[in-house]
Peer 1: 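Before we start, here is the structure in question, set down as structure tokens.
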Protein chains: 2
Amino acid sequence: MKNKSTIRDVAKLAGVSSATVSYVLNGVKKVSDDTKQRVLKSVEELNYYPDFTAISLSKSKSNLIGVMVPLITDSPASMFKKNQYYHEFLSGVEMIARNNNFDTMISGVGDPEECSNWVKKRNLDGLIFVGLFPENLYLEMSKLDIPIVLIDSYEEHANRYLNVQIDDELGGYAATRHLIELGHEKIVFVATSLASSPVDRKRYDGYKRAITEFHLPLDDRLTIETNDIAFDYGYKAGESIVRSSVHCTAVVAVSDNLAIGIIKALQDNGKRIPEDYSIVGFDDIAISQYITPSLTTVRQDVFDKGKTATELLMKSINDTDAPSPSGTTAVELPIKLIIRDSTKAL
Amino acid sequence: MKNKSTIRDVAKLAGVSSATVSYVLNGVKKVSDDTKQRVLKSVEELNYYPDFTAISLSKSKSNLIGVMVPLITDSPASMFKKNQYYHEFLSGVEMIARNNNFDTMISGVGDPEECSNWVKKRNLDGLIFVGLFPENLYLEMSKLDIPIVLIDSYEEHANRYLNVQIDDELGGYAATRHLIELGHEKIVFVATSLASSPVDRKRYDGYKRAITEFHLPLDDRLTIETNDIAFDYGYKAGESIVRSSVHCTAVVAVSDNLAIGIIKALQDNGKRIPEDYSIVGFDDIAISQYITPSLTTVRQDVFDKGKTATELLMKSINDTDAPSPSGTTAVELPIKLIIRDSTKAL
DNA sequence: TGATGAAATGAAATCGCTTTCAATTATAGG
DNA sequence: CCTATAATTGAAAGCGATTTCATTTCATCA
């Protein structure tokens, strides 16, 4: 029971050569109906299924995709531990990959070469990049000639690959406008890093557009950067809001994670949400409607993002007859402002 | 740049046979210091690194481990989406695996045969089972002769494998006792399923022990089963607590996820936590200290659980000289009652 | 009926590595 | 200096598929 049967076992039982079995199984060459039936019967009888490792070696096709996540702090693991976003995304990837008979492997990106080696060592058929990476990584990866899907990328190189994203600027705008329409004028914007995260910057652009559109003053002191998305960084941001000399009445955060930390800090300091402060998050992760007050947020379906990205990747992998050097597709997924209890008219 | 160099390239450059290169790289046979240096130099020069696929085929060793999660509803994906627990666990696995030059693949378990085929197709070197599975799966897996680590398993077969768990009974006891000592007498126990989850049952045993020890009456009506760990199932449990004819003042839930849903439902129905109800959760997931009120809970380090399990697995995989048919090791990780703001003296 | 081209099949090479076993070289002992 | 023994190395056979190319078989048609 421990030993699986090989293609030769099947061939022998069916009285044909292993080549013929391969032909039948891959439908790659015409095989007479008679032999085909015989082969199929033997396959059935021996409970045969092909070995991915062997296929991988001979076809250079592993039925394996890799998901690259940024190596922000010490390890990809600690990254996951902190950020719900990646999990929901990966769930989507997993699901579609599995439907296509693919398996998924995750990797934190060290240097470009290491990453490139990983792809070659494992014979990966495709790659998904989620998050932000150094320029030279994209360069190195482009030499790999496997399909690549970028998520949330505003990089120069982005348009050379497949792309899945949302309208971050619009998200930032919608969140801010919602607060302004509720009468708020002093609105803090909490980002991880404006300098190094294009996504944050886009959302900030949206924030600025709303502020300007309603003729409110832009105040640099109303911007906070946390450098990390973990809850406790949000908490610190919340504390600094309380202590700040510039008084504000509302907050836009670039992620629900951050928003949750902020709310907690505010509450711990005796402030009431939404009476004293209105808060808007971003993402709508699963927990967001179960905290108190439930979180007003810009919803994006991260799970769906993972699914869409993987579908794109699968399609691209299966397009063996790819004519031009990949067709630069960009998919923009919808976002939606979800109004809950953390925001309130002034 | 696209083509990687093979062992033969290295061999040629070093003026030896590919066998010798293999010897050097695996340290499997004595090679003279002179040739060894030459080989190493060529490896360096050609930027050579071995191809996992080829190794896998010839050695039947893939440097790949699989993590099996239960297929509760439709897909493993939806499972992940709902339960933070798995994520934290997987993060731990990922981390240790990576440190050992292993990659990790996840799979929801369909039927045992499918699972067994997966292992063989991919040549997996080891397996981690996290959660509860049908008996016959363990049976099928035992035929595979690769190391297996079970998590949280109280199965019959459990003691034939490596094992990582916590003292669930004690956890249930500690949570309940804490509430009793605060003066609570009517304490609801919320589980997913007492019938089908041994973990829940153990925690319930602890609950009962505490109740009995303090001479309180055991009331069946104070037990709620949700059949799922998603937030909304907790929410429903919370609603049923409010509507129940038996009035209670405290709740023990088998997971923080559930507890969070319960709290939300209670609050939505105008109840105050902890004034009207004291709540204790289980796990201490990352979010638990950031909700309001912060959650009193029985902490287990799930991330560490993943790490420990994987370390065990790695050790077992590397023990090629395994003497007896695997050494039935069981590791019990500590738990700790973390008292926060969701519980209060009556 | 024999020639001809198409259809069906198989032998063997290949993918990149490991490993057995034999051959070669070095070292030591007499 | 010669042989016995140990230490190094390499040739070649796998591992389990795919795939090229040649061969056989079959229809078809003149």
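In this text the structure is predicted, and so the values were computed from the model without any measurement. Labels below follow one simple rule: chain letters A, B, ... track the order of the sequence lines, proteins then strands, and each chain is numbered from 1.
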Peer 1: Select from B/S60 and B/V16 the residue whose nearest nucleotide in DNA chain D is closer to the 5' end of that strand.
Peer 2: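 This one resolves to B/V16.
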Peer 1: Contact class for A/S56 (heavy atom, under 4.0 Å): base, sugar-phosphate, or nothing?
Peer 2: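 Touches nothing.
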Peer 1: Regarding A/T53, tell me which of base, sugar-phosphate or nothing describes its non-hydrogen contacts under 4.0 Å with the strands shown.
Peer 2: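 Nothing: the residue A/T53, judged by heavy atoms under 4.0 Å, touches no strand.
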Peer 1: What is the distance, rounded to the nearest whole Å, between atom CG of A/D34 and atom C1' of C/dT9?
Peer 2: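 For the pair A/D34 CG and C/dT9 C1', the rounded distance is 13 Å.
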Peer 1: Whole-Å distance between C/dC15 C1' and B/D9 CG?
Peer 2: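 Taking CG of B/D9 and C1' of C/dC15, I get 13 Å after rounding.
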Peer 1: Nearest-Å distance, NZ (A/K120) to C1' (C/dG16)?
Peer 2: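 Going from A/K120 (NZ) to C/dG16 (C1'), I get 15 Å.
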Peer 1: State plainly whether the residues B/E94 and B/R98 are in salt-bridge range, i.e. N to O under 4.0 Å.
Peer 2: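 B/R98 and B/E94: salt-bridged.
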Peer 1: Any luck finding a side-chain donor-acceptor pair between A/N47 and B/E113 under 3.5 Å?
Peer 2: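 A donor-acceptor contact under 3.5 Å links the two side chains.
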Peer 1: Distance check needed: C/dT19 C1' versus B/K61 NZ, whole Å only.
Peer 2: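 Going from NZ in B/K61 over to C1' in C/dT19 covers 17 Å.
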Peer 1: Give the rounded distance in Å between these two atoms: NZ of A/K36 and C1' of C/dA7.
Peer 2: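 Spelled out: NZ on A/K36 to C1' on C/dA7 is 14 Å.
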Peer 1: Taking NZ from B/K12 and P from D/dG10, how many angstroms apart are they, rounded to a whole number?
Peer 2: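 So the two atoms are 14 Å apart, to the nearest Å.
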Peer 1: How about B/Y154 and B/N163: does a side-chain donor come under 3.5 Å of a side-chain acceptor?
Peer 2: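 No donor-acceptor contact under 3.5 Å links the two side chains.
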Peer 1: Does either side chain, that of A/K61 or that of A/N63, offer a donor lying less than 3.5 Å from an acceptor on the other one?
Peer 2: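 Side-chain D/A pair, A/K61 to A/N63: present.
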Peer 1: Between A/K120 and B/D51 (salt bridge meaning N to carboxylate O under 4.0 Å), is one present in this structure?
Peer 2: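 No, A/K120 and B/D51 are not salt-bridged.
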Peer 1: Let me have a per-nucleotide readout for nucleotides 17-26 of chain D, 5' to 3', with B, S or -, counting only protein heavy atoms under 4.0 Å.
Peer 2: BSBBB-----
Peer 1: Assess, by modelled atom type and distance only, whether the side chains of A/T53 and A/S56 contain a donor and an acceptor separated by less than 3.5 Å.
Peer 2: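 No donor-acceptor contact under 3.5 Å links the two side chains.
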Peer 1: Whole-Å distance between C/dG10 P and A/K30 NZ?
Peer 2: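 Going from A/K30 (NZ) to C/dG10 (P), I get 16 Å.
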